[in-house]
Amino acid sequence: MKKDIISLLDLTKNDFDIFFKRALELKKRFNQGIVDMPLKGKSLGLIFDKQSTRTRVAFETAMIQLGGHPIFMRSQDTQVSRDEPVKDTARVLSRYIDCLVMRTFDHSLVEEFAANSSIPVINALTDFFHPCQILSDLMTIIEKKNSYDNVKIVWVGDGNNVANSWINAASVLGLDLVVACPEKYSVNKDIVNNALKKNKHNIVFTDDPKTAVKNADVIYTDVWASMGEEEETDRKHKAFQGFQVNKELVSKAKDDVIVMHCLPAHRGEEIAEDILETKNSVFWDQAENKRHMHKAILETLIIHNTKLRGVQSG
Ligand code: CP
Ligand code: NVA
C-alpha cells in the first residue's frame with residue numbers, strides 16, 4: 001500500500017478491499033461497545049482551506065476513538081499563509097505528527113505536501129478529487145447491496161471532484177458506472193481518458209439522466225456548484241434543468257434503488273425534498289460510515305508507516 005491517499009488511483013483493488021473489511025469490522029466492534037485504541041499516543045494534523053462538517057468531525061472523532069489526538073489547523077493560521085514553503089512545512093510537520101489530512105482547492109498542494117512528508121498525507125477533498133468520500137460510500141453500498149460487483153451506479157449531476165473519484169474507483173474496481181452530466185459540465189477529459197484506458201466497458205458517459213437511471217441500483221448526486229464555484233450558481237442552475245434527483249427520475253430505476261448524496265444537500269436543486277425522506281435514501285448511513293471508514297484509513301496508514309519508518313531507522 002502507498003504511504004498516502006491523494007487519489008483513488010493510488011489504491012489497488014486489494015487495498016480497497018482491506019479498507020472495506022476493516023471499516024465494517026470496526027463499525028461492528030464499535031456498536032458492540034468494544035473500545036479499540038491502536039493509535040494511542042499518535043497525533044493527526046488536519047489542515048482545511050474549505051468548510052467541512054462531516055469530513056472534519058468524522059476524522060477527528062475517528063482519531064479520538066482510536067486513542068489518538070487530532071490537531072485542527074486552518075491554513076491561514078499557519079505560516080504557509082505567510083509564504084513558508086510547503087516543502088519546509090511538510091518536513092516540520094512530519095517531525096510532530098503521525099498523519100496529515102488536508103482539504104484544499106488546488107490539488108497540486110496536497111501532492112506537494114505528500115511528496116515532502118515522511119508521514120501519510122490524506123486528501124480530504126480538493127477541486128479534483130474526494131477519495132475518502134467514495135471509500136465510505138462504497139462501504140455503504142456493500143452494506144445495502146452485499147457487494148459492489150454487479151451493482152449499477154449512476155451519477156446524476158455535475159462533473160465535479162466527487163464524480164471524478166467515482167470514475168477512479170470504477171476504473172480500479174471495474175464498477176458498472178454511468179455518469180450523466182450536462183455536456184457543458186461534464187467530467188475532466190484527462191480523467192475520462194485515463195479511466196477508459198483501464199476500464200473501457202463498464203463506464204458510460206451521457207447527458208441523458210432519464211435513460212441513465214434505468215435499472216439503476218444506486219443513484220448518486222451532489223451539489224451543482226461546489227465550494228469555490230459560488231459565482232457560477234445561477235448559470236449552473238439553468239444548465240442543470242432535468243438533472244434533479246426527484247420521485248419521477250427515481251421511479252425509472254429499480255424498486256430497491258438506493259439514493260446517495262455526499263451532503264450537504266441543496267433541497268429543491270440537485271435533490272427534491274421528498275426523496276430525502278423516502279426509504280430509498282441512505283444519506284445518514286453514508287454520513288455515519290465516514291467515521292468508520294476514516295478509522296480504517298487512519299489505522300492502516302499510520303500503523304503501516306510507523307512500521308516502515310521503524311525498519312528504515314533501525
Ligand atoms: N461530504 C462531505 O465531505 O461533507 P463535508 O463537506 O461536511 O465534510
Ligand atoms: N462537490 C462538493 C462536495 C462537498 C462535500 C464540493 O466540492 O463542494
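All figures in this text were calculated on a predicted structure; none of them were measured in a lab.
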Original post:
So, Arg29 versus Gln32: side-chain donor-acceptor pair below 3.5 Å or not?
Top reply: no

**OP:** Verify, without hydrogens or angle tests, whether Asn246 (side chain) and Ala272 (backbone) share a donor-acceptor contact under 3.5 angstrom.
**Re:** no

Subject >> Donor-acceptor side-chain pairing of Thr140 and Asp137 below 3.5 angstrom >> reply: no

**OP:** Could you grab the distance from atom CG of Asp106 to atom OG1 of Thr126, nearest 0.5 Å is fine?
**Re:** 8.5 Å

Original post:
Could you give the distance from OG (Ser136) to CG (Asp285), rounded to the nearest 0.5 Å?
Top reply: 11.5 Å

**OP:** Mark yes when over 12 heavy atoms from residues, nucleotides or ligands other than Asp77 sit less than 6.0 Å from its CG; otherwise mark no.
**Re:** yes

**OP:** Measure from the side-chain N and O atoms of Asn168 to the backbone N and O of Ser165, and report whether any donor-acceptor pair falls under 3.5 Å.
**Re:** no

Original post:
Just how far is it from atom NE2 of His294 to atom CZ of Phe59, taken to the nearest 0.5 Å?
Top reply: 4.0 Å

Original post:
Only one of Asp217, Asn215, Asn280 forms a side-chain hydrogen bond (donor to acceptor under 3.5 Å, both in side chains) with Lys254, so which one is it?
Top reply: Asp217

Subject >> Met227 backbone acceptor or donor facing Glu229 side chain under 3.5 Å >> reply: no

**OP:** Please confirm whether the backbone N or O of Lys189 pairs with a side-chain atom of Asn193, one donor and one acceptor, at under 3.5 Å?
**Re:** yes

Subject >> No-hydrogen, no-angle side-chain donor-acceptor test under 3.5 Å, Thr300 and Arg22 >> reply: no

Original post:
Is there a donor-acceptor pair under 3.5 Å between the side chain of Thr78 and the backbone N or O of Val80?
Top reply: yes

Original post:
Is a side-chain donor or acceptor of Arg91 paired with a backbone partner of Lys87 at a separation under 3.5 angstrom?
Top reply: yes

Original post:
Quick one: CD1 on Ile271 to CH2 on Trp224, what's the gap to the nearest 0.5 Å?
Top reply: 10.5 Å

**OP:** Measure the CD1-CZ distance between Ile6 and Phe113 for me, rounded to the nearest 0.5 Å.
**Re:** 11.0 Å

**OP:** Only one of Val162, Asn161, Asp127, Leu125 passes side-chain contact (heavy atoms from CB on, under 4.5 Å) with Ser226; say which it is.
**Re:** Asn161

Kindly list each side-chain donor-acceptor pair under 3.5 angstrom involving residues 64-72, sequence neighbours excluded, with atom names and distances?
residue: Gln65; atom: OE1; partner: Arg291; partner atom: NH1; Å: 2.9
residue: Gln65; atom: OE1; partner: Lys295; partner atom: NZ; Å: 2.9

Original post:
If you measure from CG on Leu138 to CZ on Phe19, what distance do you get to the nearest 0.5 Å?
Top reply: 12.5 Å

**OP:** Evaluate whether atom CD of Glu273 has more than 12 neighbouring non-hydrogen atoms of other residues, nucleotides or ligands under 6.0 angstrom away.
**Re:** yes

Subject >> Exam field: side chain Asp88 to backbone Glu84, donor-acceptor pair closer than 3.5 Å >> reply: no

Original post:
Within a reach of under 6.0 Å around OH of Tyr96, are more than 12 heavy atoms found that belong to other residues, nucleotides or ligands?
Top reply: no

**OP:** State whether the side chain of Ser94 and the backbone N or O of Ser117 hold a donor-acceptor pair below 3.5 Å, judged by distance alone.
**Re:** no

Subject >> Lys3 side-chain N/O to Ile119 backbone N/O, donor-acceptor pair under 3.5 Å >> reply: yes

**OP:** Only one of Asp4, Ile297, Leu100 passes side-chain contact (heavy atoms from CB on, under 4.5 Å) with Ile122; say which it is.
**Re:** Ile297

Subject >> Qualifying residue, where the test is side-chain hydrogen bond (donor to acceptor under 3.5 Å, both in side chains) with Glu269 and the options are His237, Lys236, Gln244 >> reply: His237

Subject >> Partner of Met63 under side-chain contact (heavy atoms from CB on, under 4.5 Å), chosen from Leu46, Asp98, Leu39, Val101 >> reply: Leu39

**OP:** State, to 0.1 Å, how close Thr233 and Ala225 come at their nearest heavy-atom pair, and which atoms those are.
**Re:** OG1-CB, 3.7 Å

Original post:
Would you say the side-chain atoms of Ser43 pair up with the backbone N or O of Ile97, donor to acceptor, closer than 3.5 Å?
Top reply: no

